[in-house]
Amino acid sequence: MNLSYDALKYSYPSRRSVIYGKKGMVATTQPLAAQAGLSIMKKGGNAVDAAIATAICMVVLEPNNCGIGGDAFALVWVKDKLYGLNASGMAPMAINADEIRAKYGTAIPKQGWASVTVPGIPSAWVELSKKFGKLPFKSLFEPAIEYAKNGFPVAPVTAKLWGDYYKKYSASFNEECLMNWFTTFGIDGRAPKPGETMYLRDHAKTLEELAETDCESIYRGRLAEVIDEFSRKTGGYIRKEDLAAYHPEWVEPISIDYKGYTVSEMPPNGHGLTALLALKILSGFDFKCRDCTDTYHKQIEAMKLAFSDAQKYVTDPRYMTVTVDQLLSDEYTSRRRSLICDKALKPEAGDPRCGGTIYLCAADGEGNMVSYIQSNYIGFGSGVVVPGTGISFQCRGAGFSLDPNHDNYLVPGKRPYHTIIPGFLSRDGKAVGPFGVMGGFMQPQGHVQMVMNTVDFHMNPQEALDAPRWQWQGGMKIEVERSFPTAETEQLLRMGHDMVVPTENVFFGRGQIIWRDDNGVLCGATEPRSDGTVAVW
């Protein structure tokens, strides 16, 4: 493979260098969490133990991106095999699409009970530990409980986003179920400032209970009863029976070959399929340079085509009217590729039947690697916080459609279209490593850019993350970072793309990468657009 040696040429200014290690590595957006994960490895844990401990810390250290009431997905490489874990929740059995449509119109609101689905994050922690962990599950909670109980300094980017949401919620929250958010996440009527110590003692108590019960309390114990009571009292739909019936699911990852490398993603209901479909369309082109108009144009057009298909078809696989194999078939992707011309086109779905999130990755000296992601969906999620518990619920149900003819139509007990996707790269049956880019609908777009930066343009991990990004926003609108080449922006505009340069870069995703070379050396990188770090041993 020799990825970390072939790609040492820097053509972009970088804030950071790649990080090398041998015994262990954890990369995420929060330095305290990454160090906590690495400390678990030094105590005898493996990459899976480290990933779990890091993830638990993140619901405390970055609650604006993930919470105890959110969802998770994981790709785990152990003994030369890749495993997938889907820990996303279903719509409550008491919810009714007709009722929601009558109350809210054509879209499910992101804030309030209507968008709350069964939480999957705690189940992911315990399931990963049972199948692959080495250390006692309870011990993995210790760093997070320490931070929650005794306080932690809030990181700069986290504080900025936290403050933005505090202002937004102060102006819009008026339901009883939303008022506990301010009690849980505020300090004297405001958000915490950068470097200010924040205490989340309700989180600490709940994490202690989850540790003692192997997370059974939130699904089939005391916390489930508390959630049920609060939901009934404040007009919610989730019940203890929904929680009791929930279990995460081990699934087979989906993959494509991209120019000699195997790119793997989670199958639907996640939209990792979007990245694979775009890459498969792009695999038919030969790209000579990264920063040229032709490359950007083809990437954008392939992404628009892939997203159009994903948004039409991706949902709980039990309800999909097409298959993954149909969408990724050579025949279909060839037909989609043929639509790309020298002008920007309005994206439309084809018919293959005719032929707020945190990401982390971890690796250890034994060869185990983890690509893990967990999320509230948008910011702090639904805004619903169960009093005295710190349990803040995601708003993933807002991803459902209220159109009865849509594959992703809201149905009780159904998983919605999901934006969070961990990625994994391998070659010739050997792991190259985990990668991911968090950030809503930016995620598959980030995956495509990371893979192409690595495979087509021979960048090392840090260079691949530092490079300027673009993002399709729907229709003909393309946002680019301020560092994006000006000449290419102007040329893309002439080709029919509606080019926009926003004032901030926080919306272009936040990624992490760990590659392993043939000698077992780990090469890691973290996102320059966040507070991230690579903890290494």
Side-chain angles (χ1 to χ4, degrees), residues 26 28 33 36-37 40-41 43-60 66-78 83-90 117-146 148 203-227 238 240-251 266 358 360-362 364 368 370-376 386 389-394 396 415 420 422:
V26 180
T28 193
I40 291 295
M41 275 199 247
K43 293 177 181 178
N46 59 16
V48 176
D49 294 314
I52 297 167
T54 304
I56 299 170
C57 283
M58 292 299 277
V59 303
V60 174
C66 63
I68 298 168
D71 277 352
F73 291 89
L75 291 169
V76 185
W77 182 277
V78 175
Y83 300 83
L85 180 65
N86 182 331
S88 65
M90 291 81 166
T117 52
V118 176
I121 283 177
S123 75
W125 300 340
V126 72
E127 191 68 20
L128 287 167
S129 178
K130 284 180 179 178
K131 191 171 182 70
F132 295 118
K134 292 175 63 177
L135 296 184
F137 183 61
K138 181 179 178 180
S139 68
L140 307 181
F141 285 76
E142 292 171 0
I145 293 170
E146 169 69 19
H203 283 64
K205 291 185 293 183
T206 292
L207 291 175
E208 287 173 340
E209 188 166 338
L210 293 176
E212 290 290 344
T213 64
D214 285 352
C215 296
E216 279 294 293
S217 180
I218 196 170
Y219 295 108
R220 289 161 282 275
R222 189 193 72 84
L223 288 172
E225 296 281 353
V226 172
I227 292 169
I238 196 167
K240 59 184 178 182
E241 290 80 8
D242 296 310
L243 296 162
Y246 179 75
H247 296 279
E249 181 181 1
W250 288 101
V251 296
M266 289 291 292
I358 68 95
L360 65 93
C361 47
D364 62 35
N368 305 306
V370 181
S371 184
Y372 179 94
I373 196 161
Q374 63 186 27
S375 175
N376 290 334
V386 181
T389 69
I391 298 173
S392 57
F393 285 107
Q394 63 191 342
R396 188 57 60 178
R415 284 186 167 110
I420 61 174

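Here the structure is a predicted model, which means the values were calculated and not measured.
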Heavy-atom nearest pair, A144 first then L207, reads CB-CD1, 4.0 Å

One pair to check against side-chain contact (heavy atoms from CB on, under 4.5 Å): I121 and I68. What are the steps and the verdict?
CA-CA 6 Å; I121 283 177; I68 298 168; over 6 Å; no

May I ask you to check whether over 12 heavy atoms, not counting those of K131, lie within 6.0 Å of atom NZ?
yes

Report yes or no: does N368 contribute a side-chain atom to a donor-acceptor pair with the main-chain N or O of A47 at less than 3.5 Å?
no

Donor-acceptor contact below 3.5 Å, side chain Y246 vs main chain S88:
yes

Search all heavy atoms of C215 against all heavy atoms of P122 and return the closest pair with its distance.
SG-O, 3.5 Å

Start with the C-alpha distance between V59 and Q374, add both sets of side-chain angles, then the distance that settles side-chain contact (heavy atoms from CB on, under 4.5 Å), and finish with yes or no.
CA-CA 9 Å; V59 303; Q374 63 186 27; 3.5 Å; yes

Answer yes or no: is there a donor N or O on one side and an acceptor on the other, between the side chain of H203 and the main chain of V60, under 3.5 Å?
no

Taking side chain as C-beta onward, heavy atoms only, is L85 less than 4.5 Å from Y372?
no

Run the side-chain contact (heavy atoms from CB on, under 4.5 Å) test on D242 and M90 for me, step by step, so that the C-alpha distance in whole Å, both residues' side-chain angles and the decisive distance to 0.1 Å come before the verdict.
CA-CA 8 Å; D242 296 310; M90 291 81 166; over 6 Å; no

Between CG on residue L140 and CD1 on residue I40, distance to nearest 0.5 Å:
5.5 Å

Measuring from D71:CG to N86:CG, what's the distance to the nearest 0.5 Å?
8.0 Å

L360 and I358 have their tightest heavy-atom pair at CD2-CD1, 3.9 Å

For F393 and I227, the nearest pair of non-hydrogen atoms, with its separation, is CZ-CG2, 3.7 Å

Can you tell me how far OG1 of T117 sits from CZ of R415, rounded to the nearest 0.5 angstrom?
10.0 Å

So CD1 of I391 and CG of L210: to nearest 0.5 Å the spacing works out to 7.0 Å

For D49 and K134, indicate whether the former's side chain and the latter's backbone hold a donor-acceptor pair under 3.5 Å.
yes

I56 and W125: side-chain contact (heavy atoms from CB on, under 4.5 Å), yes or no, with the steps?
CA-CA 8 Å; I56 299 170; W125 300 340; 3.6 Å; yes

Where is the tightest heavy-atom contact between A362 and V26, given as atom of each residue plus distance?
CB-CG2, 4.2 Å

Distance-minimising heavy-atom pair for L243 and P119
CD2-CD, 3.8 Å

Donor-acceptor check, side chain of T389 to backbone of T206, threshold 3.5 angstrom: yes or no?
no

Going by distance alone, is a donor N or O of one side chain under 3.5 Å from an acceptor N or O of the other, for Q394 and S375?
no

As an exercise, state the distance from OG1 of T213 to OH of Y219, rounded to the nearest 0.5 Å.
11.0 Å

When Y83 is tested against each of W77, F73, F132 for ring-ring contact (aromatic ring centres under 6.0 Å, His included), which residue passes?
F132

Distance in Å, M41 CE paired with L135 CG, rounded so as to fall on 0.5 Å steps:
11.0 Å

